[in-house]
Amino acid sequence: MKLFSSFSGGKDCMLALHRVLSGKEHQVACLLNMCAEDGLRSLSHGLNRELLERQSQAMNIPMVFQPTGRANYETKLKEVIARLKKDGIEGGIFGDIYLEAHQVWIERVCRESGIVPVFPLWNENTRSLANEFVSQGFKALTVSVRQGVGKEEWLGQLLDNSFFSMLEELEGIDPCGENGEYHSFVFDGPIFEQPVSFTSGKPYTGDNHWFLPLV
């Protein structure tokens, strides 16, 4: 199939994309980022649009941005899928791991849009996925942490084995952050032609999260 990859810039969507590319069964035509209504930042991770474009360029896969708010997210997602279908897109890659309610929602949206959802990571052990991410040579750092769940000092930490081991020892924390404990930015890996350049800014708070701005 000809697929788009639902893309936030973080580790789970990156590992899902990597698995599909490695399998060579499907063609990945583009990355799809649902960005904020002003078009300047990703809606989920708060990443600067320019950083996402650098990831796209480093992987040599085109990026499609769809501005949206949270209230009209489903409508805008269906709109962009309809446009992508005109270019031959038959399905989408999603990095979900075990949140069943979200998987059910994605399946319904895809069914109503006439495309096939692909879940390369579904129902796998999250620590094993974290180990695979590191062993495959991906490099990422944390860019947001949910207050009341994580710690501000997690910001900017590399997602290596020591980081995942630390998370695994904490009660109620998923190593992959599947429940929104933290989000990440991937800046290098086996599907990158070159690392993504960036600099870190001063951390700030908002929407019950700590954020590390990258430029």
Side-chain angles (χ1 to χ4, degrees), residues 3-23 27-36 38-68 80 92-97 120-121 129-145 150 152-164 167 175-178 180-204 206 209-215:
L3 307 175
F4 71 82
S5 183
S6 180
F7 191 80
S8 65
K11 61 172 177 36
D12 297 333
C13 69
M14 194 70 72
L15 186 57
L17 172 62
H18 177 51
R19 283 190 171 185
V20 171
L21 290 172
S22 298
Q27 175 191 354
V28 180
C30 65
L31 310 172
L32 173 60
N33 180 260
M34 303 297 285
C35 58
D38 62 8
L40 300 178
R41 294 184 178 279
S42 64
L43 190 66
S44 60
H45 288 32
L47 291 169
N48 187 308
R49 175 175 176 144
E50 185 177 337
L51 289 169
L52 296 167
E53 290 175 337
R54 290 179 204 163
Q55 287 179 314
S56 169
Q57 293 163 4
M59 293 184 286
N60 197 28
I61 305 175
M63 176 82 74
V64 174
F65 291 97
Q66 174 58 57
T68 184
V80 71
I93 305 165
F94 300 89
D96 297 76
I97 303 173
L121 312 182
L129 290 173
N131 290 343
E132 180 181 343
F133 182 81
V134 174
S135 67
Q136 289 295 322
F138 284 105
K139 295 180 181 179
L141 74 162
T142 54
V143 292
S144 76
V145 178
E152 185 177 4
E153 52 262 36
W154 293 0
L155 285 178
Q157 289 197 27
L158 290 176
L159 271 59
D160 56 14
N161 287 324
S162 61
F163 177 76
F164 289 123
L167 293 183
C176 282
E178 178 71 349
E181 294 93 333
Y182 70 94
H183 290 302
S184 60
F185 172 71
V186 183
F187 58 90
D188 200 6
I191 53 179
F192 284 62
E193 294 181 357
Q194 66 277 333
V196 174
S197 62
F198 66 91
T199 57
S200 303
K202 183 178 180 180
Y204 65 95
H209 283 73
W210 290 291
F211 292 96
L212 178 67
L214 304 178
V215 295

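The structure displayed is predicted, hence computed values, not measured ones.
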Open item on the list: In terms of relative ring orientation, are His183 and His209 parallel, tilted or perpendicular, with 30° and 60° separating the classes?
Closed with: parallel
TODO: Write down the atom of His45, the atom of Val143, and the distance for their closest heavy-atom approach.
DONE: O-CG2, 4.4 Å
- [ ] List for me each residue that meets side chain to side chain donor-acceptor pair (under 3.5 Å) alongside Gln157, sequence neighbours excluded, and say none if there are none.
- [x] none
Open item on the list: Using side-chain contact (heavy atoms from CB on, under 4.5 Å), reason through Phe4 and Val80 one step at a time and then give a plain yes or no.
Closed with: CA-CA 11 Å; Phe4 71 82; Val80 71; over 6 Å; no
Task: Set of residues satisfying ring-ring contact (aromatic ring centres under 6.0 Å, His included) with respect to Tyr182, sequence neighbours excluded - done: Phe163
Open item on the list: For Thr68, give me all partners under side chain to side chain donor-acceptor pair (under 3.5 Å), at least two apart in sequence or on another chain.
Closed with: Asn72
TODO: Please identify each residue that fulfils side chain to side chain contact (heavy atoms under 4.5 Å, CB included) with Ser200, with sequence neighbours left out.
DONE: Phe198, Leu212, Leu214
TODO: State the OH-OG distance between Tyr204 and Ser144, to the nearest 0.5 angstrom.
DONE: 9.0 Å
Open item on the list: Tell me every residue that passes side chain to side chain donor-acceptor pair (under 3.5 Å) with Asn48, counting only those two or more places apart in sequence or in another chain.
Closed with: none
Task: Donor-acceptor contact present, side-chain Gln66 to main-chain Leu32, <3.5 Å - done: no
Open item on the list: Among residues at least two apart in sequence or on other chains, which ones pass salt bridge (Lys or Arg N to Asp or Glu O under 4.0 Å) with Glu50?
Closed with: Arg54
Open item on the list: If the condition is side chain to side chain contact (heavy atoms under 4.5 Å, CB included), which residues does Pro195 pass it with, not counting sequence neighbours?
Closed with: Asp188
Task: Minimum-distance pair of heavy atoms, taken over all atoms of Ser5 and Val28 - done: CB-CG1, 4.4 Å
Sequence neighbours left out, cut at 3.5 Å: what donor-acceptor pairs do the side chains of residues 13-22 make with other protein atoms?
| from | atom 1 | to | atom 2 | distance (Å) |
| --- | --- | --- | --- | --- |
| His18 | NE2 | Gln136 | OE1 | 3.2 |
| Arg19 | NE | Glu132 | OE2 | 3.1 |
| Arg19 | NH1 | Pro120 | O | 2.9 |
| Arg19 | NH1 | Glu124 | OE1 | 3.4 |
| Arg19 | NH1 | Glu124 | OE2 | 2.5 |
| Arg19 | NH2 | Glu124 | OE1 | 3.0 |
| Arg19 | NH2 | Glu132 | OE1 | 2.6 |
| Ser22 | OG | His18 | O | 2.8 |

- [ ] Sequence neighbours left out, what passes side chain to side chain donor-acceptor pair (under 3.5 Å) with Asn161? Give chain and number order.
- [x] none
Task: Verdict with reasoning, Leu159 to Phe138, per side-chain contact (heavy atoms from CB on, under 4.5 Å) - done: CA-CA 9 Å; Leu159 271 59; Phe138 284 105; over 6 Å; no
TODO: Please name the pair of heavy atoms, one in Gly206 and one in Phe211, separated by the smallest distance, quoted to 0.1 Å.
DONE: O-CE1, 3.1 Å
Task: N/O donor-acceptor pair under 3.5 Å between Glu152 side chain and Trp210 backbone - done: no
Task: Close side-chain approach of Phe133 and Val186, heavy atoms under 4.5 Å - done: yes
- [ ] Identify the heavy atoms of Ser42 and Ser8 that sit nearest to each other, and give their distance.
- [x] OG-O, 4.3 Å
- [ ] Determine yes or no for a side-chain-to-main-chain donor-acceptor pair under 3.5 angstrom, with Thr142 supplying the side chain and Ser184 the backbone.
- [x] no
Task: Partners passing side chain to side chain contact (heavy atoms under 4.5 Å, CB included) against Phe65 (at least two apart in sequence or in another chain) - done: Asn33, Cys35, Arg49, Leu52, Glu53, Met63
Task: Pairwise distance CZ(Phe187) to CG(Leu141) - rounded to 0.5 angstrom - done: 6.0 Å
Open item on the list: Return the CG to CD distance between Leu31 and Gln55, rounded to the nearest 0.5 Å.
Closed with: 8.5 Å
- [ ] Could you tell me which non-hydrogen atom of Ile97 sits nearest to which non-hydrogen atom of Cys176, and how far apart they are?
- [x] CD1-CB, 4.0 Å
TODO: Quick one: list whatever passes side chain to side chain contact (heavy atoms under 4.5 Å, CB included) with Asn60, sequence neighbours left out.
DONE: Glu193
Open item on the list: To the nearest 0.5 Å, what is the distance between CG on Leu51 and OG on Ser197?
Closed with: 8.5 Å
